[in-house]
Q: 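What follows is a single structure, and I will ask about it in a moment.
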Amino acid sequence: MEKEQLKLPATVDQLRVMREFVGDFASGCAATEEQLFDIRLAVSEACTNAIKHGSPMGDQSRVNISCQCKQGYLHIEISDEGVFHEKVSSLHDEMSMNGRGILIMLSTMDKVTFDESNVGTVVTMAKKLERE
Amino acid sequence: MDLKIRTKHVDSIPVIELEGEVDVYTAPRLKSRLIDLVDQGKYQIIVDLEAVDFMDSSGLGVLVGGLKRVRTHDGAVHIVCTKEKILKIFRITGLTKVFQIHDDQNAAVASLAE
């Protein structure tokens, strides 16, 4: 399946469009309902971080999303324009108001990597698509 | 789908019924509703997630924030949810140990009335 890409303003009102773009693509790759929920969830978390921490120019900043189905895996890449040092929270404090996003991404996807540079952060995720 | 928020009272206990999707865009409205109730002196609150199709960590953060507010008044926030995909998010983040989660509103009301 061909790679598909989407570029949107880094604003919270676009978040649903971002996760549905990947969800619809994954649906076309024959992901199950459970897999689709996991994928939308992980994308929502990654894009929320991109919007909150990776948009130095506010709504002038952009979030880039690309996805591809390859060899039984859905590959997703989400890039922003900010420098955000990702921290994997161990959540020792369950009453924390935030810090759960990366834990959720790691729990719902098979592979998650964060590449940080001075021009932005790239989150790469992969999910094995197996029919149940 | 956007987020619909409906508040009703059962035995004077406020029940916030959510329908739709809870993310960083919609969660502030839930936060406002929780703060309003606390400001009205309501410290025992039920949040019904049965009609929620999607929720991410932004929604969880707001629920934890609400719980922290009511706990300063010896209150509690109880959750109603039987949807496996939503419960999974609570399990991943360890919040099943923080919130009491019930199968229906009657069970939540009975628990808070104890």
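Quick caveat: nothing in here was measured; it's all calculated off a predicted structure. The chains referred to below are lettered A, B, ... by the order of the sequence lines, with proteins before strands, and numbering in each begins at 1.
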Q: Working to the nearest 0.5 Å, report the span between CG of B:Asp23 and OG of A:Ser44.
A: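 Separation between the atoms: 5.0 Å.
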Q: For B:Lys8, is the NZ atom crowded, meaning more than 12 foreign heavy atoms sit under 6.0 Å from it?
A: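 Yes.
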Q: Near B:Arg69 CZ, under 6.0 Å, is it more than 12 heavy atoms from other residues, nucleotides or ligands?
A: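 Count not over threshold, so no.
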Q: Quick one: do B:Val80 and B:Val10 end up in the same hydrophobic cluster if we chain Ile, Leu, Val, Met, Phe, Trp and Tyr together by side-chain heavy atoms under 4.5 Å apart?
A: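 Same cluster: B:Val80 reaches B:Val10 through Ile, Leu, Val, Met, Phe, Trp or Tyr contacts under 4.5 Å.
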Q: Using a 6.0 Å distance limit plus a 45 degree cone around the ring axis, check whether A:Arg16 lies over the aromatic ring of B:Tyr25.
A: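 The answer is no, since A:Arg16 fails at least one limit relative to B:Tyr25.
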Q: Is there a path of hydrophobic side-chain contacts, each under 4.5 Å between heavy atoms of I, L, V, M, F, W or Y residues, that connects B:Ile16 with B:Ile13?
A: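 Per the 4.5 Å side-chain linkage, B:Ile16 and B:Ile13 are not co-clustered.
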Q: Given heavy-atom pairs under 4.5 angstrom as the criterion, report whether the side chain, backbone, both or neither of B:Val24 touches chain A.
A: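 For B:Val24, the contact with chain A is made by backbone and side chain together.
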Q: So do B:Asp56 and A:Ile104 actually touch side chain to side chain, heavy atoms under 4.5 Å?
A: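 A side-chain contact is absent here, since even the closest heavy-atom pair is not under 4.5 Å.
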Q: Measuring from A:Asp38:CG to B:Ile92:CD1, what's the distance to the nearest 0.5 Å?
A: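 If we round to the nearest 0.5 Å, A:Asp38:CG and B:Ile92:CD1 are 7.0 Å apart.
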Q: If you count heavy-atom pairs under 4.5 Å with chain B, which of A:Thr48, A:Thr108, A:Ile51 comes out on top?
A: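 Ranked by heavy-atom pairs under 4.5 Å with chain B, first place is A:Thr48.
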Q: Consider only side-chain heavy atoms of I, L, V, M, F, W and Y, link residues closer than 4.5 Å, and tell whether B:Leu60 and B:Val70 are in one cluster.
A: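 Result: yes, single cluster for both.
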Q: Which heavy atom of A:Arg100 sits nearest a heavy atom of B:Gly61, and at what distance?
A: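 Nearest heavy atoms, A:Arg100 then B:Gly61: NH1-CA, 4.1 Å.
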Q: Checking heavy atoms, do the side chain of B:Leu63, its backbone, both or neither come under 4.5 Å from chain A?
A: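 It is neither, since no heavy atom gets under 4.5 Å.
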Q: Which answer fits A:Thr11, side chain, backbone, both or neither, if we ask what part of it has an atom under 4.5 Å from a heavy atom of chain B?
A: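 It is neither, since no heavy atom gets under 4.5 Å.
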Q: Spell out, yes or no, whether B:Leu112 and B:Val77 are grouped together once hydrophobic residues are joined by side-chain heavy atoms under 4.5 Å, including indirect joins.
A: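 No, no single cluster joins them.
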Q: For A:Lys111, does the NZ atom sit with more than 12 other heavy atoms under 6.0 Å from it, leaving out its own atoms?
A: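 Not buried by this count: 12 neighbours or fewer within 6.0 Å.
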Q: Under 4.5 Å heavy-atom distance to chain B, tell me which part of A:Gln14 shows up: side chain, backbone, both or neither.
A: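 For A:Gln14, no heavy atom lies under 4.5 Å from chain B.
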Q: Spell out, yes or no, whether A:Phe114 and A:Val122 are grouped together once hydrophobic residues are joined by side-chain heavy atoms under 4.5 Å, including indirect joins.
A: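 No, A:Phe114 does not connect to A:Val122 through the hydrophobic network.
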Q: Can A:Arg19 and B:Glu21 be counted as an ion pair, charged N to O under 4.0 angstrom?
A: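 So A:Arg19 pairs with B:Glu21 through a salt bridge.
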Q: Does CG in B:Asp11 sit with more than 12 non-hydrogen atoms of other residues, nucleotides or ligands closer than 6.0 Å?
A: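 12 or below, so no.
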Q: Work out which heavy atom in A:Phe37 is nearest to a heavy atom in B:Ile86; give both atom names and the distance.
A: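 Scanning both residues, the minimum pair turns out to be CZ-CD1, 4.2 Å.
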Q: For the candidates B:Lys88, B:Lys97, B:Lys85, which exhibits the highest count of non-hydrogen atom pairs separated by less than 4.5 Å from chain A?
A: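 The candidate making the most pairs under 4.5 Å is B:Lys85.
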